[in-house]
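All residue numbers in this chain count up from 1 along the given sequence. Counting starts at 1 for both ligands and their atoms, following the listed order.
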Amino acid sequence: MPLLEVNRAFNSYGAVPVISDVTLNAERGELVCLLGPSGCGKTTLLRLIAGLETLDSGTISFDGANLHSVAPHSRGFGLMFQDLALFPHMNVYGNVGFGLRMQGLSSGAVRRRVDEMLELVDLVNYGDRKVHELSGGERQRVALARSLAPAPKLLMLDEPLASLDRVLREALQIQVRAILKEVGVTSIYVTHDKDEAFAIADTIVFMKRGSVVQAGPPETLFRAPATELVARSLGIRNIIAGTIVGASEDVEIATSVGTLTVGGPAPAEMSVGDEVLVLIDERQLFVEPIHDDPSADVIVLNGVVRERKFRGGEAEIHVTVGNDELVSIVSSADPRSDVKAGQDVCIVIPPKAITLLPTA
Ligand code: ADP
Ligand code: MG
C-alpha cells in the first residue's frame, strides 16, 4: 500500500477551481516530483497535503489513515519552501535545532541530532556561522537540515532551489537527491524545471491546470509522453503532424517531411485517416552527407542544413526538410557532426526513433 494516497482531490479558491480530480501516490521512501508550469496548482497541492488548505472533496490518506481531521502540526510532515527563510538572528546551530527544541528535546539530544544533520548536508563545523555568513547553496543545505532534523514522516519541498544560479542548482540537485535517499524519507518535490525533475525524481507527476496529465518514472515520460504538451515540456523538439495513410503491415504516415514508414502494427487505437503526432528522438536520427547503405532498415529523407550549433561536447544540427525542420544531436567527436549550413544532406531515421501520439 502506498504511504501517501491522494484520491480524487478537488480544491478551489472561492469559485475558482485550482485542483481538479488529482489522484497520486507516494510509496515509502519514494521521491515524487510535481512538475508543471507556474500557476498549475503545485503549491496548493502541497498545502492540501500539509493540511494548510481544506479539500472540497476527495481524500488524502497517510499510512492508511485519512488525514481529514488531523491538524497540520499533528501530521508530522516537514516543509521546505523557497521563501521559508532561515531565522536571521540565529546561527546555523540554532536554525537546525529549532524544530527539535520545539519538540522539547533535551539540549544534549538537540546537539547530537544537529551534529548528525550538519554531517548529512556536509556542513560540519558550520554550527556557529551566522546566516549572513553563508553562501546561497549553504543556506539551502541548512534549510534542508532544519527540515530533516525532526525526522518528518513526509518531506515536502516547494521549488527549494529556484533562487539559485544554474551551476549551483545543478550541483545541489544531485546532493539533495543523495541526502533524501540516504535518509530514506518519502518526499514530494515541486519544480517547474524539467531538468531538475529528471535529476531528482523517482516518479514525475506532470500537472496542467490543476490536473495530472501523466505520472511515471522520468524515462517513461520521456520515451512515451502522453500528450504533445508533456513531450514539448520535456524538451522533445522533433514533433511533426501527420496522417495515417497505411496501417496494414507497416504503418505509413504522411507528414510535411515526407511519408514515413514505421514497423507495424499501428497502436490499437489508430487507423487509416487518423491525425497523429510523430515524435522523432533527436539523438537517434542522424545527418549524413550521403546515405549509401540501401539495405539498412531506416527511413531516409533529403534536406538542407540550416544551422549547426556547437554545444560543448555535442553538435545540434538543424535541417530543413520540406516545409519543416528536424534537429539531430550528435557527439562533436562523431564525423556525422561535421556538416555546414547550406549543405545537402540525408536524414537517416531508424524506425525505433519514432513514437506516435494521437492528437489531442
Ligand atoms: P503553482 O505552485 O503551480 O505555481 P499555485 O498552487 O500557487 O500554483 O496556484 C494555483 C492557482 O491558484 C493560481 O492560479 C493562483 O493564482 C491561485 N491561488 C493560489 N493561492 C491562492 C489564494 N490564496 N487565493 C486565491 N487564489 C490563489
Ligand atoms: Mg508554487
Side-chain angles (χ1 to χ4, degrees), residues 4-26 31-60 67-68 71-73 75 77-86 136 139-140 143-144 146-147 152 154-166 169 172-173 176-177 180 186-216 218 221 225-235:
L4 173 73
E5 294 176 276
V6 177
N7 189 32
R8 307 215 58 184
F10 286 80
N11 183 248
S12 47
Y13 290 115
V16 185
V18 176
I19 297 294
S20 303
D21 203 8
V22 166
T23 293
L24 68 88
N25 294 330
L31 240 163
V32 175
C33 266
L34 303 182
L35 173 66
S38 180
C40 74
K42 304 179 298 296
T43 296
T44 303
L45 192 50
L46 288 194
R47 291 177 57 82
L48 286 163
I49 296 169
L52 302 171
E53 304 285 344
T54 311
L55 288 171
D56 293 343
S57 66
T59 54
I60 300 177
L67 290 176
H68 178 66
H73 65 271
R75 296 186 182 194
F77 298 167
L79 290 168
M80 179 174 165
F81 287 161
Q82 180 199 332
D83 51 5
L84 195 75
L86 297 173
R139 277 179 211 198
Q140 296 312 97
L144 182 60
R146 182 176 66 176
S147 42
L154 176 74
L155 181 62
M156 289 179 276
L157 307 98
D158 195 353
E159 314 228 12
L161 309 181
S163 61
L164 305 175
D165 68 61
R166 190 175 59 83
R169 207 165 59 230
L172 270 167
Q173 286 159 4
V176 168
R177 180 176 162 88
L180 297 178
T186 311
S187 306
I188 312 285
Y189 188 109
V190 163
T191 179
H192 64 270
D193 177 349
K194 60 155 172 96
D195 294 320
E196 186 154 315
F198 284 142
I200 296 268
D202 294 321
T203 297
I204 294 179
V205 174
F206 189 98
M207 291 180 65
K208 175 194 171 187
R209 278 195 254 118
S211 297
V212 174
V213 181
Q214 187 175 14
L221 266 68
T227 68
E228 182 177 4
L229 175 78
V230 176
R232 291 204 187 279
S233 303
L234 297 184

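Leu86 and Arg146 make their closest contact through CA-NH1, 3.7 Å (heavy atoms, listed as atom of the first residue, atom of the second, distance).
Interface of Val18 with ligand 1, defined as ligand atoms under 4.0 Å from a residue heavy atom, comprises 10 (C), 11 (C), 12 (O). Atoms of ligand 1 lying under 4.0 Å from any heavy atom of Ser38, numbered from 1 in the order shown and given with element: 4 (O).
Nearest to atom 5 (P) of ligand 1 by heavy atom, out of Asn11, Val190, Leu34, Thr44, is Thr44.
Note that the CG atom of Asn25 and the OG1 atom of Thr186 stand 12.0 Å from one another [nearest 0.5 Å]. Going from atom CG of Leu55 over to atom CG of Asn7 covers 10.5 Å, rounded to the nearest 0.5 Å. Distance check: Ser233 OG to Glu228 CD gives 9.5 Å after rounding to the nearest 0.5 Å.
Within the 4.0 Å cut-off (strictly below), a protein heavy atom is located near atom 3 (O) of ligand 1. Using a 4.0 Å threshold on non-hydrogen atoms, atom 21 (C) of ligand 1 counts as touching the protein.
Side-chain contact, Tyr189 with Glu196: a donor N or O sits under 3.5 Å from an acceptor N or O.
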Could you check Ile49 against Leu154 for side chain to side chain contact (heavy atoms under 4.5 Å, CB included), going step by step and ending with a plain yes or no?
CA-CA 10 Å; Ile49 296 169; Leu154 176 74; 3.7 Å; yes
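The nearest heavy-atom contact from the protein to atom 26 (N) of ligand 1 is Tyr13 CD1, 3.3 Å. Taking atom 1 (P) of ligand 1 as the reference point, the nearest protein heavy-atom neighbour is Gly39 N, 3.4 Å. Of the protein's non-hydrogen atoms, Thr43 CB, 3.7 Å is the one closest to atom 7 (O) of ligand 1.
In terms of polar-atom proximity, defined here as any N/O pair under 3.5 Å, Cys40 does make such a contact with ligand 1.
A salt bridge between Asp202 and Arg177 is present, with a side-chain N of the basic residue lying under 4.0 Å from a carboxylate O of the acidic one.
When distances to the Mg ion (ligand 2) are checked against a cut-off of 2.8 Å, Thr43 contributes an N, O or S atom below that limit.
The residue from Leu24, Val22, Leu45, Leu4 that alone fulfils the side chain to side chain contact (heavy atoms under 4.5 Å, CB included) condition with Ile60 is Leu4.
For Gly41, the heavy-atom gap to ligand 1 drops under 4.0 angstrom.
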